[in-house]
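For clarity, every value in this text was computed on a predicted model and none was experimentally measured. Every chain is numbered from 1 and lettered A, B, ... according to where its sequence line falls, protein lines coming before strand lines.
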Amino acid sequence: MTIDKTFDPAAIEAKWYAHWESTGAFRPERPDAEPYTIVNPPPNVTGSLHIGHALDNTLQDILIRHARLQGKDALWVVGTDHAGIATQMVVERQLNARQQKRTDFTRDEFIAKVWEWKEESGGEITGQLRRLGCSMDWENERFTMDEGFSKAVIKVFVELYNQGLLYRDKRLVNWDPGLKTAISDLEVETREINGKFWHFKYPLEDGSGFISVATTRPETMLADMAVAVNPSDERYAHLVGKNVRLPITGRLIPIVADEHADPELGSGAVKVTPGHDFNDFEVGKRAGFKASEMFNMLDGEGRVVQTSDGLIPQDYIGQYRFGIEGEPTNARKMVVEAMDALGFLEKVEDRVIQTPFGDRSGQVIEPWLTDQWYVDAETLAKPAIEAVRSGAIDIVPKSWEKTYFNWMENIQPWCVSRQLWWGHRIPVWYGPISYDDDKYQANFTSLEGYKIFVAEDEAEAHAQALEFYGSSRPIIIEEQPLSISEPERLVAEASFGKAPIRLHRDNDVLDTWFSSALWPFGTLGWPDQSSELDRHYPNDVLVSGFDILFFWDARMAMQGIHFMKEVPWKTLYLHGLVRAADGSKMSKSKGNTVDPLGLIDQYGADALRFFMAAMESQGRDIKMDESRVAGYRNFATKLWNAARFAQSNGISGSHSISAPKAELAVNRWIIGEVVGTVEKLNKAFAEFRFDGMADVIYHMVFDQFCDWYLELIKPAFVDGEKGEMDAESQIVAGWVLDQILVMLHPFMPFITEELWHALGERPYDIIHANWPEPSATVDADAVREIDWVIDTISKTRSFKAELNIPPGTRLTANIADPQPSTIAIIERQAAALSRLGRIDSFAFAPVETNNIAQIVVGGDTVVFALDGIIDLDAERSRITKAIEAAAKERDALAGRLSNAAFVEKAKPEAVEKARADHAEKASEAERLTAALARLG
RNA sequence: GGGCGUAUAGCUCAGCGGUAGAGCACUGCAUUGACAUUGCAGGGGUCGCAAGUUCAAACCUUGCUACGCCCA
């Protein structure tokens with residue numbers, strides 16, 4: 001197959017991807033091979049490929065393709081995440097566009113709509129990952145809500161509950177009034193906003209005066225339960241134990257002593273609202289309030305509701321907590337105005353306030369007192385910390401360990417329940433604490449009065465209930481307690497003569513990260529014991545952005561170790577973010593995102609991938625630099641043209657895996673270069689230095705192979721006729737090109753597969769080729785010979801350019817005192833020296849003229865007679881510069897060697913090298929000085 | 001407030017004890033012959049600042065400055 005003149009990435013990308021996928025190339029049967037496993041961070045099913053995915057997946061694909069080339073049973077697990085909030089929001093937005101809302105439907109109806117959306121529009125990103133060339137195991141594509149995975153999620157919930165590591169608790173949560181769900185600490189983003197600091201006077205109950213408090217949240221005074229002062233604060237010591245008559249509500253609240261009050265801040269006294277502030281919650285507990293007694297004054301959307309003491313004036317009820325668009329007034333405004341009118345507003349200051357926002361909704365988070373499910377993260381974190389300390393998990397780069405430890409050691413209980421419909425529904429059923437009490441039909445804001453059944457399915461919940469309640473009454477599991485149809489109830493009562501016991505299931509779903517934490521084993525069949533699970537757990541590497549270290553990586557470590565008794569992966573590789581060209585974070589709202597698919601369209605997937613690898617150095621973010629992507633497209637074109645050149649010179653794919661026998665120095669030299677490249681590449685792979693890998697292979701292809709090797713073996717044109725390439729070079733070049741293609745394949749899969757096949761009939765695709773073994777050796781004689789040739793040609797070109805001698809000018813060279821080895825080299829390399837150096841011949845005698853240009857190569861002075869074309873002044877200054885350069889190095893080395901301390905204390909090899917370098921530089925300077933003298 | 005990272009050529013980045021490199025950009029030259037998405041040659045850096053350790057520091061230590069991120 002003749003290689004096309006132009007390299008068109010788009011044409012080959014689609015072709016080879018389809019070929020690989022349809023032939024099952026991504027997961028060949030290799031039952032006896034060493035397994036190698038990576039699980040892909042499941043992208044949101046709503047997602048589309050952004051530049052960060054391109055980086056993350058390119059790195060993984062490089063590792064997987066490399067392992068596959070090494071003959072391993074390489075498995076790259078792929079799937080998508082149901083992404084609870086994100087997906088529910090997408091579908092809700094669609095409904096809104098049709099003037100509908102989620103609550104127009106039953107839960108089941110809505111969930112059916114989400115599934116429908118998922119089938120139709122979900123998973124766009126999986127097609128985009130294919131465009132990037134990712135060689136995932138699509139045949140076993142997973143979804144975090146597929147049947148098997150859901151089973152794993154439920155099992156984990158039940159087991160953690162039974163082990164006491166998961167519990168229901170009433171405490172303050174981060175409540176997102178926009179999404180109307182609890183979220184975890186990690187989903188809260190603290191931002192600084194310009195706010196105000198209101199100073200209020202609270203009258204003492206006994207009428208003896210006032211106590212001043214300052215607050216950034218005046219509206220919450222409707223639920224104040226105390227005023228706190230610091231116990232060491234003498235100004236207030238006499239007030240502790242007295243009561244305050246709270247304005248507006250008239251509630252009587254105590255003045256308490258608590259360390260939380262900062263004497264330096266404001267008046268030193270603070271209002272305490274345990275139901276709407278995390279610090280105040282703790283103060284309230286210390287003051288003796290039970291969580292169940294703490295006042296709640298807001299509903300799920302942030303509107304005022306009556307507190308349990310009924311003291312909030314009616315006109316406040318239903319007001320939003322603070323200003324929202326389109327609302328004429330709000331609780332904050334009303335409270336401030338009322339306090340002002342009462343003469344209790346002392347002053348208002350401007351102040352920068354640390355304010356929590358929901359990372360998805362952008363709403364101000366409200367600390368809200370609810371019952372939620374929590375995972376005892378502290379207990380689970382301990383072995384996960386130990387795993388990193390012991391080296392069972394190797395975090396690369398190591399600098400992230402400290403961040404990991406710091407977070408894990410201070411980890412808080414993880415709130416895992418979400419008030420959403422889309423997700424893994426919590427497998428908990430509630431029933432009456434006893435069958436005489438049916439108050440359980442009230443809302444579920446309290447634990448009291450309910451019996452909890454945690455079970456893997458309804459049947460088991462039923463069985464547990466039967467055991468608990470006995471069989472004297474029927475037990476009915478209801479979707480909603482009040483929705484039971486009358487006929488059913490009649491039937492039940494008719495049958496048993498008594499009212500049934502009603503259970504109903506928890507309405508909430510689990511945090512999406514609760515399920516994705518199980519990805520490394522849930523995707524391999526767990527809880528069933530499969531051979532896949534056996535072989536591929538622990539995974540080898542996890543590649544992720546550091547931004548999900550806590551969200552995902554740490555939780556995988558915790559769950560994996562807890563349930564599998566082994567770490568989920570041996571190495572955790574963390575990479576940075578891809579930033580915009582100016583270094584700012586890319587975001588849709590800023591409009592500075594770069595679409596990886598656009599880059600693929602423009603430069604090809606191979607170029608984008610190579611860019612990602614080349615830019616990925618450890619511990620640093622990547623700044624987008626499109627010119628470099630273009631540069632790597634040029635690199636691919638270069639390779640393409642090199643292959644065309646090879647093809648037109650009778651070079652084809654090699655039949656040999658080991659290096660062919662070679663006599664010619666140039667061939668022995670390039671074989672050595674391949675060996676060196678493989679060794680360097682292997683080292684870079686072992687160290688996860690993606691930039692190093694890219695650098696090594698780039699220079700091998702561009703410099704050694706294209707710029708020198710192909711030029712050196714290129715047949716000459718004689719009388720306008722192109723000569724034949726010698727057979728040995730054809731064979732060696734074919735082998736070298738094959739090694740290059742294989743080594744480059746993980747980085748540039750498409751072009752390498754195309755050229756692999758274009759260059760010959762192959763028994764297998766390159767995706768299944770063999771990674772080169774550095775079995776051949778570097779031939780020192782060949783290196784010396786080719787170095788001499790390259791150096792001579794380079795220096796000849798160089799002096800011509802500097803002396804304004806047209807590069808095409810053909811010259812003869814004289815070496816008056818050649819080393820014997822040089823004569824032999826020149827004999828063997830005459831053709832190359834002529835073609836590339838434009839040196840027609842060498843004479844081993846002094847030249848007759850003083851109009852000369854001279855270069856020093858190795859230990860030889862090569863002299864070119866240039867009567868009529870040389871500018872001697874220019875040559876003098878050129879040589880003078882060269883002398884200066886050589887002398888400078890010589891003198892520096894001499895200085896070092898004359899320092900007794902250096903010779904005595906430095907490593908012997910450093911001294912040895914300094915001596916050798918000094919001798920070389922001294923000789924070079926000497927020869928150049930002699931050359932200058934010859935010019936007269 | 002605590003922690004982490006970064007500061008090297010105009011730009012984007014390697015190098016992390018033996019005296020500075022790459023890509024892009026720039027300058028000059030070249031070209032029937034794989035490749036203008038090219039080739040050859042070249043210019044360009046007191047490696048943020050200061051002190052210390054060392055025979056030797058861009059690299060190690062300390063401090064400072066600037067920028068970025070994370071946690072509170």
Asks: For A:D840, check salt bridge (charged side-chain N to carboxylate O under 4.0 Å, His left out) against everything at least two apart and list the hits.
Replies: A:R810
Asks: Any Lys/Arg nitrogen of A:K921 or A:E884 sitting under 4.0 Å from an Asp/Glu carboxylate oxygen of the other?
Replies: no
Asks: Who passes ring pair (Phe, Tyr, Trp, His ring centres under 6.0 Å) against A:F688, sequence neighbours left out?
Replies: A:Y573
Asks: Taking any heavy-atom pair under 4.0 Å as a contact, classify A:F702: base, sugar-phosphate, or nothing.
Replies: sugar-phosphate
Asks: State which of B:A34, B:U37, B:C55 makes the closest approach to the side chain of A:A906.
Replies: B:C55
Asks: Looking just at side-chain N and O atoms, do A:D726 and A:S729 make a donor-acceptor pair shorter than 3.5 Å?
Replies: yes
Asks: Please figure out whether A:S617 or A:N649 has its closest RNA chain B nucleotide nearer the 5' end.
Replies: A:S617
Asks: The side chain of A:A642 lies closest to which of these nucleotides: B:C13, B:A34, B:U37?
Replies: B:A34
Asks: What's the OH-P distance between A:Y632 and B:U12, to the nearest Å?
Replies: 15 Å
Asks: Describe the nucleic acid contact of A:K907 in one word from base, sugar-phosphate, nothing, applying a heavy-atom distance below 4.0 Å.
Replies: base
Asks: If we check side-chain contact (heavy atoms from CB on, under 4.5 Å) with A:F747, which of these qualifies: A:T752, A:T58, A:D606, A:I62?
Replies: A:I62
Asks: Using a strict heavy-atom distance below 4.0 Å, which residues from residues 873-898 of chain A are in contact with RNA chain B?
Replies: A:R896
Asks: Charged N to carboxylate O under 4.0 angstrom, A:K800 versus A:E802?
Replies: no
Asks: Which part of the nucleic acid does A:E711 contact within heavy-atom distance under 4.0 Å: base, sugar-phosphate only, or nothing?
Replies: base
Asks: In chain order, what residues pass the ring pair (Phe, Tyr, Trp, His ring centres under 6.0 Å) check against A:Y632, with sequence neighbours excluded?
Replies: A:F610, A:Y698
Asks: In sequence, state the C-alpha distance, the side-chain angles, and the governing distance for A:D258 and A:N230, and then conclude on side chain to side chain donor-acceptor pair (under 3.5 Å).
Replies: CA-CA 5 Å; A:D258 195 285; A:N230 195 286; over 6 Å; no
Asks: With heavy atoms under 4.0 Å as the rule, sort A:K5 into base, sugar-phosphate or nothing.
Replies: sugar-phosphate
Asks: Roughly how many Å is it from CD in A:Q618 to P in B:U6, rounded to a whole number?
Replies: 11 Å
Asks: Measure NZ/A:K913 against P/B:G18 and give the value in whole Å, please.
Replies: 10 Å
Asks: Taking a pair as Watson-Crick (N1 to N3 plus N6-O4 or O6-N4) or G-U wobble (N1-O2 and O6-N3), both under 3.5 Å, which stems of 3 or more consecutive pairs involve RNA chain B?
Replies: B:1-7 with B:65-71, B:10-13 with B:21-24, B:26-30 with B:38-42, B:48-52 with B:60-64
Asks: Looking at the side chain of A:S798, which of B:A41, B:G23, B:A34 is the nearest nucleotide?
Replies: B:A41
Asks: Just to verify, what does A:K398 make a salt bridge (charged side-chain N to carboxylate O under 4.0 Å, His left out) with, not counting sequence neighbours?
Replies: A:E401
Asks: Using the salt bridge (charged side-chain N to carboxylate O under 4.0 Å, His left out) rule, take A:R217 and A:E366 through it: C-alpha gap first, then chi angles, then the decisive distance, then the call.
Replies: CA-CA 11 Å; A:R217 295 210 54 193; A:E366 187 64 49; 2.8 Å; yes
Asks: Go through residues 622-630 of chain A and report each residue with a non-hydrogen atom lying under 4.0 Å from RNA chain B, sorted by number.
Replies: A:K623, A:D625, A:S627, A:R628
Asks: Base, sugar-phosphate, or nothing for A:K905, non-hydrogen atoms under 4.0 angstrom?
Replies: base
Asks: Please encode protein proximity along nucleotides 65-71 of chain B as a string of B, S and -, counting only heavy-atom distances under 4.0 Å.
Replies: ---S---
Asks: Please determine whether any donor N or O and acceptor N or O are separated by less than 3.5 Å between the side chain of A:R633 and the base of B:U37.
Replies: yes
Asks: Nearest of B:C40, B:C4, B:A34 to any side-chain atom of A:D707?
Replies: B:C40
Asks: When you compare the side chains of A:D553 and A:S544, does any donor N or O come within less than 3.5 Å of an acceptor on the partner?
Replies: yes
Asks: Quick check on B:C4: is either OP1 or OP2 less than 4.0 Å from any side-chain nitrogen or oxygen of A:K402?
Replies: yes
Asks: Remember a base hit wins even if backbone is also touched, and classify A:G631 as base, sugar-phosphate or nothing at under 4.0 Å, heavy atoms.
Replies: nothing
Asks: If you only use heavy atoms from C-beta on, which nucleotide in B:A22, B:A30, B:G18 is closest to the side chain of A:P807?
Replies: B:A30
Asks: Any N or O donor-acceptor pair linking the side chain of A:K638 to the base of B:C35 at under 3.5 Å?
Replies: yes
Asks: Ignoring the backbone of A:A901, work out which of B:C55, B:C13, B:C40 is nearest its side chain.
Replies: B:C55
Asks: So, using salt bridge (charged side-chain N to carboxylate O under 4.0 Å, His left out) as the criterion, who are the partners of A:K680 when residues are at least two apart?
Replies: none
Asks: By nearest heavy atom, map A:E192 and A:D695 onto RNA chain B; which one lands nearer the 5' end?
Replies: A:D695
Asks: Mind checking side-chain contact (heavy atoms from CB on, under 4.5 Å) for A:S648 and listing every partner two or more places apart, or none if nothing turns up?
Replies: A:K722
Asks: Who are the ring pair (Phe, Tyr, Trp, His ring centres under 6.0 Å) partners of A:W708, not counting sequence neighbours?
Replies: none
Asks: What nucleic acid atoms does A:R644 come within less than 4.0 Å of, heavy atoms only: base, sugar-phosphate, or nothing?
Replies: sugar-phosphate
Asks: Looking at every strand, decide which applies to A:N410 at a 4.0 Å heavy-atom threshold: base, sugar-phosphate, or nothing.
Replies: nothing
Asks: Report the residues that fulfil side-chain contact (heavy atoms from CB on, under 4.5 Å) with A:A813, sequence neighbours left out, ordered by chain and then residue number.
Replies: A:I839, A:F842, A:V862, A:F864
